[in-house]
Each structure stands twice: as structure tokens, then as C-alpha cells.
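What you see below is based on every heavy atom in this structure, not just the backbone, and it leaves out hydrogens, waters and symmetry mates. Counting from 1, the numbers follow the sequence of the chain as shown.
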Amino acid sequence: EKEWFKAIQTAEKLQLMTRIPMQSIIAHYYCELAAKELLDNRVDEAQAHLKLAVRTDKHCVRGCLALADLAIQEGEYKSALKQLKLVKSN
């Protein structure tokens, strides 16, 4: 887990130094953190990481789909539909 946070920090620094967009890579790292949290049954933490992924890269399909899946599991179908519509618009 610490390695993913290090990777995020490094990518953010690299983005600042080089002005090369790293949003999709950073979003991927957040999704990896979320996957780890889900394996440990820490749904709230996973959801927070997925929201950061989508906030970091609005085209993060993996994050949107995972958030939709979590919403469906919680019976929050309107929220799931919102996430799925984001995927469609990407």
C-alpha cells in the first residue's frame, strides 16, 4: 500500500516538473489501492480511493465501473446509473 502512495507522489512530482499529463497513471494507482482495500473488505476506504481516481482523471473507466459496482452492491441504483453514464460519455 505504501508503494502505491509513493508512486502517486512520484507521478505528481514528475507531472509538475515535466508538465507531462500523468492523470491517467495516477488514477490507475488509486484504483490499485482501491482493489487492495476491497480484498481486505474495507469498502469505505476503497470507495474513497475510487472517487479520487475519478476526480484525478474524469475518463477513468475502471474507477467509474468499480464505483457503479459498489453502488449496486449497496442498493444505490441511481448512483450506479450516474457512474455508468460517465463511462458512456467517456
If you look only at distance, which donor and acceptor atoms sit under 3.5 Å apart when one is on a side chain in residues 17-24 and the other is two or more places apart or in another chain?
residue : atom : partner : partner atom : Å
Thr18   : OG1  : Leu14   : O            : 2.7
Thr18   : OG1  : Ile20   : N            : 3.2

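- Residues Ile25 and Ile8 fall within the same hydrophobic cluster, defined by Ile, Leu, Val, Met, Phe, Trp and Tyr side chains chained together at heavy-atom separations under 4.5 Å.
- Sorted by first and then second residue, the salt bridge (Lys or Arg N to Asp or Glu O under 4.0 Å) pairs involving residues 74-90 (not counting sequence neighbours) form an empty list.
- For Lys13, the salt bridge (charged side-chain N to carboxylate O under 4.0 Å, His left out) test picks out no residue, with sequence neighbours left out.
- For the ring-ring contact (aromatic ring centres under 6.0 Å, His included) test, no residue two or more places apart in sequence or in another chain qualifies with Tyr77.
- Listed by first and then second residue, the ring pair (Phe, Tyr, Trp, His ring centres under 6.0 Å) pairs that reach into residues 31-58 are Phe5-His49, sequence neighbours excluded.
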Distance-only donor-acceptor pairs under 3.5 Å for side chains of residues 52-63, two or more places apart:
residue : atom : partner : partner atom : Å
Thr56   : OG1  : Leu52   : O            : 2.6
Asp57   : OD1  : His59   : N            : 3.1
His59   : ND1  : Asn90   : OD1          : 3.2
Arg62   : NH1  : His28   : ND1          : 3.3
Arg62   : NH1  : Glu32   : OE2          : 3.0
Arg62   : NH2  : Glu32   : OE2          : 3.2

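- To the nearest 0.5 Å, atoms SG (Cys64) and CG (Leu84) are separated by 8.5 Å.
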Quick one: side chains of residues 35-46, donor-acceptor pairs under 3.5 Å with protein atoms, not counting sequence neighbours, listed by atom name and distance.
residue : atom : partner : partner atom : Å
Lys36   : NZ   : Asp40   : OD2          : 2.7
Glu37   : OE1  : Arg42   : NE           : 2.4
Glu37   : OE1  : Arg42   : NH2          : 2.7
Asp40   : OD2  : Arg42   : NH2          : 3.4

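- In this view, Tyr30 satisfies the ring-ring contact (aromatic ring centres under 6.0 Å, His included) rule with no residue, not counting sequence neighbours.
- Rounded to the nearest 0.5 Å, atoms CG (Leu67) and CD1 (Ile72) are 11.0 Å apart.
- Here the straight-line distance linking atom CD of Gln9 with atom CD of Glu12 works out to 7.0 Å at 0.5 Å rounding.
- Partners of Gln73 according to the side chain to side chain donor-acceptor pair (under 3.5 Å) rule, which considers only residues two or more places apart in sequence or in another chain, are Asp69.
- Cluster membership check: Trp4 shares its hydrophobic cluster with Ile26, using side-chain heavy-atom separations under 4.5 Å among Ile, Leu, Val, Met, Phe, Trp and Tyr.
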